[in-house]
Amino acid sequence: MYFASDNWAGASEPIMNALMRHKDGYEPAYGDGPICESIEQRFQEIFETDCSVFVVGTGTAANALALSALTGPAGTVFCHKEAHIRVDECGAPEFLTSGARMWGLEGRHGKLSREALQTGFQEVPHGVVHHGQPSAVSLTQATEVGTLYSVEEITQLSAQAKDNGLAVHMDGARFANALVTLGVTPAEMTWKAGVDVLSFGATKNGAWCAEAVVFFNKDYAKDFIYRRKRAGQLFSKMRFAAAQFEGYFENDHWLDNARHSNAMAARLVKGLEAMDHTRIAWPTGSNEVFAIVPKQAAQKATAAGAVFYDWPSFGLAPEECPGEGESLLRLVCSFSTTQAEVDQFLDCLK
Ligand SMILES: Cc1ncc(COP(=O)(O)O)c(C=O)c1O
C-alpha cells in the first residue's frame with residue numbers, strides 16, 4: 001500500500017524496454033545522435049507545433065532552467081504560494097535565475113486566480129528599480145494539491161500575463177494526469193492557451209529519470225544549451241535520458257499510465273466519500289488525493305503497512321481544516337498502484 005508518492009514507484013516496462021533497445025553500440029554523445037533528434041520530432045508531433053525540446057534529469061532542473069530563460073536581471077516570477085518552485089526546490093529557481101524572486105500568491109484549491117495575479121502585478125509593478133522586473137507567471141498543472149486549471153483558466157491567466165508583458169511557464173510534473181482528466185490535446189493545454197515554456201514531467205508517470213523543457217516560444221530557447229550545460233544537466237549519454245521518452249510515447253503508453261493512476265485515485269475518492277468519518281480536502285483532478293481522516297484510522301492503516309505522508313493544511317479555510325483527532329493525508333497513486341492495494345487501504349480506514 002504505497003501512497004507516499006508517484007516517484008516511489010518503479011519504471012514501467014515499455015520504458016525499460018526502450019532503454020534495453022539502445023544498450024549496445026555507439027552514438028554521438030551529448031544529445032547529438034539520432035535518438036535525441038527523433039524525440040524532439042515526437043514532441044513536435046504530439047504538441048502539433050515546431051517546439052524546441054531539451055531533456056533534463058529532474059523536475060527541479062526543468063523548472064529552474066526554464067525560469068532562468070524567462071527572467072532578466074532582478075526578475076520576479078509570480079506563482080501560487082504553495083508552488084513547488086517556491087516551496088520545494090531549495091532555492092534552485094532563485095539560484096539558476098541569478099536571484100529572481102518567486103512571488104507567492106494566494107489562491108483557492110492550489111490555483112492562481114486572476115484577482116491574485118492582479119494583486120501580484122500591483123505589488124511588483126513594472127518600472128520601479130527598487131522592486132526589480134516582473135518577468136513570468138508560473139502555473140502548475142496538475143497543481144500541488146491535485147486540482148486542475150481548465151483550458152479556459154489557463155487561457156485567461158496567460159492573456160493577463162501577456163497583457164502585463166510577462167512570459168508564461170507551466171510546471172507539468174504531472175502533465176499527463178491533468179491532460180487525460182481534461183480530455184484535451186497537449187496543444188490545447190499549452191501553447192494554444194498561451195503557455196510559452198513547459199516543464200514536461202515523465203518521471204512521476206513511469207519513467208525513471210526523464211523530464212523535458214519544451215519551448216513553444218523559441219525566442220526564449222536561444223541560450224538554453226548553455227544554461228543546461230552550465231547547470232550540469234547535459235548528460236554525456238543523453239541517449240538514455242531521451243530513450244525513455246521513446247518508450248513513454250509508444251502506443252500512447254504515457255496516457256495509459258496516467259489514466260490508470262487517475263483511475264486508482266478516483267477509486268480511493270469513491271471509497272473515502274462513502275465513509276462517514278472521512279472527507280476529501282481538495283477536489284481530485286489527477287492522481288493525488290488529499291483526505292482528512294481520523295488519526296486512529298490513519299494509525300491503523302500505517303500499522304497494516306500503508307505508506308503515505310501527513311500533509312499540512314495550508315490553503316484550507318479554517319472550517320475545512322482537520323479537527324482535533326483528525327489528520328490530513330496525501331495519497332498518491334501511480335501506474336503501478338493496484339485496485340487490491342486501494343481496497344486494502346480503504347478497508348484499513350473503515
Ligand atoms: C509539482 C512538482 N513540480 C516539480 C517537481 C520536481 O521534481 P523533482 O523531484 O524531479 O526535482 C515535483 C516533485 O515532487 C512536483 O511535485
Side-chain angles (χ1 to χ4, degrees), residues 2-11 15 54-68 70 77-97 102 104-105 107 109-112 136-149 154 168-179 181 189-190 195 197-214 228 231-233 235 241 244-245 248 257-258 261-262 265 282 284-290 307-309 311-312 314-315 330-335:
Y2 285 97
F3 299 104
S5 182
D6 33 16
N7 51 28
W8 280 45
I15 287 162
F54 299 85
V55 174
V56 294
T58 69
T60 299
N63 283 339
L65 284 170
L67 293 173
S68 78
L70 303 181
V77 175
F78 297 99
C79 59
H80 192 272
K81 240 173 90 192
E82 305 303 331
H84 204 271
I85 56 168
R86 183 169 177 271
V87 178
D88 292 307
E89 296 186 353
C90 193
E94 288 87 341
F95 183 64
L96 287 173
T97 54
M102 301 300 119
L105 298 167
H109 294 160
K111 300 200 289 184
L112 281 182
V137 172
S138 180
L139 309 173
T140 310
Q141 178 80 323
T143 73
E144 283 73 11
V145 295
T147 55
L148 301 182
Y149 290 96
I154 298 168
V168 180
H169 167 251
M170 177 178 278
D171 175 354
R174 296 187 177 83
F175 186 84
N177 300 93
L179 191 76
T181 300
M189 204 167 83
T190 55
V195 174
V197 184
L198 166 70
S199 300
F200 181 92
T203 308
K204 294 177 190 306
N205 191 35
W208 72 268
C209 174
E211 311 282 318
V213 183
V214 183
R228 180 174 64 173
Q233 287 290 312
F235 307 120
Q244 294 174 77
F245 284 110
Y248 194 63
N257 274 1
S261 51
N262 286 6
W282 290 284
T284 307
S286 62
N287 60 325
E288 293 190 285
V289 178
F290 293 82
V307 185
F308 50 78
Y309 284 113
W311 212 250
F314 306 134
R330 186 185 77 159
L331 306 162
V332 190
C333 297
S334 73
F335 76 93

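Numbering of ligands and ligand atoms starts at 1, following listing order. The shown structure was predicted, so the numbers you read here are calculated from the model rather than taken from an experiment.
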Gly59 neighbourhood, listing ligand 1 atoms whose heavy-atom distance to it stays under 4.0 Å: 6 (C), 7 (O), 8 (P), 10 (O), 11 (O)
Flag side-chain contact, heavy atom, 4.5 Å: Met189 against Gln141: yes
Proximity flag Thr140 to ligand 1, non-hydrogen atoms under 4.0 Å: yes
Separation between CD of Glu144 and CH2 of Trp311, rounded to the nearest 0.5 Å: 9.0 Å
Close N or O approach (Thr60, ligand 1; < 3.5 Å): yes
From Gln244 atom CD to Ile15 atom CD1, the distance as rounded to the nearest 0.5 Å: 6.5 Å
Proximity to ligand 1 by part of Asp171, non-hydrogen separation under 4.0 Å: side chain
Ligand 1 contact by Arg174, heavy-atom criterion under 4.0 angstrom: yes
Close-contact set for ligand 1 against Ala173 heavy atoms, below 4.0 Å: 1 (C), 2 (C), 3 (N), 4 (C), 15 (C)
Heavy-atom nearest neighbour of atom 4 (C) of ligand 1 within options His84, Gln141, Glu288, Glu144: His84
Atoms in ligand 1 flagged as close to Asn63, the criterion being non-hydrogen separation under 4.0 Å: 3 (N), 4 (C)
Nitrogen or oxygen of Glu211 less than 3.5 angstrom from that of ligand 1: no
Ligand 1-proximal atoms of Thr203, by part, heavy-atom distance under 4.0 Å: neither
Parallel, tilted or perpendicular: ring planes of Phe200 versus Phe245, cut at 30 and 60 degrees: tilted
Distance in Å, Leu139 CG paired with His80 NE2, rounded so as to fall on 0.5 Å steps: 11.0 Å
Part of Lys204 with heavy atoms under 4.0 Å of ligand 1, whether side chain, backbone, both or neither: side chain
His84 and Asp171, any side-chain heavy atoms less than 4.5 Å apart: yes
Sub-4.5 Å side-chain heavy-atom contact between Leu96 and Leu67: no
Pair Ser199-Asn63, side-chain donor/acceptor within less than 3.5 Å: yes
